[in-house]
Amino acid sequence: MPGLALFIALAAVLAAVGLFLSARASKAAALRSAQLVAEARAEAERVRGDLEKRQAEVKERRDEAAGLREQLAAAKKKGHELAEAAKKEKSQGGLEVEVEKLQARLAEARAEATHQSERAKGLEAQLERAASAMDRERRQLAEAAAAERAARGAA
């Protein structure tokens with residue numbers, strides 16, 4: 001009988017040690033999972049901040065491009081008006097000096113319109129690049145959120 005009690009006591013001690021080791025391993029896994037979740041959240045916040053910066057930058061570029069389009073339209077209108085004025089002067093005969101002045105102003109207006117057009121095209125290209133970068137950041141944010149959800153599900 002004492003051998004049986006000793007055997008039961010040893011089995012209970014072994015079971016207690018096994019449960020202790022199992023609990024310790026579970027705690028360590030939970031801590032690792034919590035660290036991964038915290039890292040994913042920090043990464044998501046960083047990406048979210050970058051995304052907000054990109055969106056503000058894209059809006060700024062869009063506004064600038066719209067302003068340049070307006071300036072381009074005004075320059076084209078001015079050039080057209082100058083051309084019409086030059087035609088009137090020419091048709092009225094004489095005043096060669098005035099015509100030359102108007103032609104010079106027309107050339108300036110055309111050069112300005114061309115410059116503004118090129119600038120607008122460059123800004124639109126930057127806007128497209130910023131939009132693609134913003135889409136990339138959104139995908140990264142979505143992936144980080146999915147990783148966070150998966151880490152929560154695993155925990």
Side-chain angles (χ1 to χ4, degrees), residues 16-155:
V17 168
L19 287 174
F20 171 75
L21 292 175
S22 174
R24 189 171 68 178
S26 295
K27 285 180 186 177
L31 285 175
R32 278 188 301 245
S33 178
Q35 284 178 330
L36 289 175
V37 168
E39 290 172 2
R41 282 185 182 154
E43 179 67 17
E45 286 301 318
R46 185 191 63 77
V47 169
R48 194 172 289 128
D50 288 347
L51 180 62
E52 289 172 359
K53 287 179 187 175
R54 297 280 179 162
Q55 286 174 338
E57 194 175 297
V58 165
K59 184 177 185 255
E60 193 176 300
R61 296 288 184 201
R62 193 177 305 129
D63 293 343
E64 189 176 342
L68 288 175
R69 280 190 206 104
E70 290 172 7
Q71 288 178 0
L72 177 62
K76 283 183 179 180
K77 184 177 178 183
K78 182 179 176 183
H80 181 69
E81 290 172 356
L82 290 175
E84 290 297 317
K87 285 179 186 177
K88 279 184 182 180
E89 288 293 323
K90 217 175 200 183
S91 68
Q92 290 178 357
L95 304 181
E96 227 172 88
V97 174
E98 290 297 320
V99 170
E100 288 177 11
K101 287 180 185 177
L102 288 174
Q103 286 175 344
R105 286 174 45 195
L106 176 61
E108 278 182 28
R110 283 182 178 158
E112 179 66 21
T114 303
H115 170 71
Q116 293 298 337
S117 174
E118 291 172 1
R119 186 170 174 207
K121 287 177 185 176
L123 287 173
E124 287 175 352
Q126 284 181 343
L127 180 64
E128 288 178 18
R129 286 192 299 270
S132 67
M134 186 173 65
D135 288 340
R136 228 183 356 261
E137 293 291 332
R138 280 186 182 150
R139 282 194 301 271
Q140 289 177 353
L141 180 61
E143 290 172 4
E148 182 179 340
R149 280 190 231 108
R152 284 184 186 165

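Worth saying up front: this structure is predicted, and the values here are computed from it rather than measured. Values below: all heavy atoms of this structure, side chains included; hydrogens, waters and symmetry mates excluded.
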Arg110 backbone acceptor or donor facing Thr114 side chain under 3.5 Å: yes

Distance-only, no hydrogens or angles: does the Ser33 side chain make a donor-acceptor pair with backbone N or O of Ala29 under 3.5 Å? no

Going by distance alone, is a donor N or O of one side chain under 3.5 Å from an acceptor N or O of the other, for Gln116 and Glu112? yes

Sorted by chain and residue number, the side-chain contact (heavy atoms from CB on, under 4.5 Å) partners of Lys59 (sequence neighbours excluded) come out as Asp63

Let me have the donor-acceptor pairs involving side chains of residues 47-54, under 3.5 Å, with sequence neighbours excluded, atom names and distances please.
residue	atom	partner	partner atom	Å
Arg48	NH1	Glu45	OE2	2.5
Asp50	OD2	Arg46	NH1	2.9

Checking side-chain contact (heavy atoms from CB on, under 4.5 Å) between Gln55 and each of Arg138, Glu60, Glu137, which is the one that passes? Arg138

Only distances under 3.5 Å count here; give the side-chain donor-acceptor pairs of residues 65-83 to other protein atoms, sequence neighbours excluded, each with its distance to 0.1 Å.
residue	atom	partner	partner atom	Å
Arg69	NE	Glu124	OE2	3.3
Arg69	NH2	Glu124	OE2	2.6

So how far is it from Glu43 CD to Glu148 CD, rounded to the nearest 0.5 Å? 11.5 Å

State the CD-CG distance between Glu57 and Leu127, to the nearest 0.5 angstrom. 10.0 Å

Determine whether Lys121 and Glu118 make a side-chain contact, defined as any pair of heavy atoms from C-beta on separated by less than 4.5 Å. no

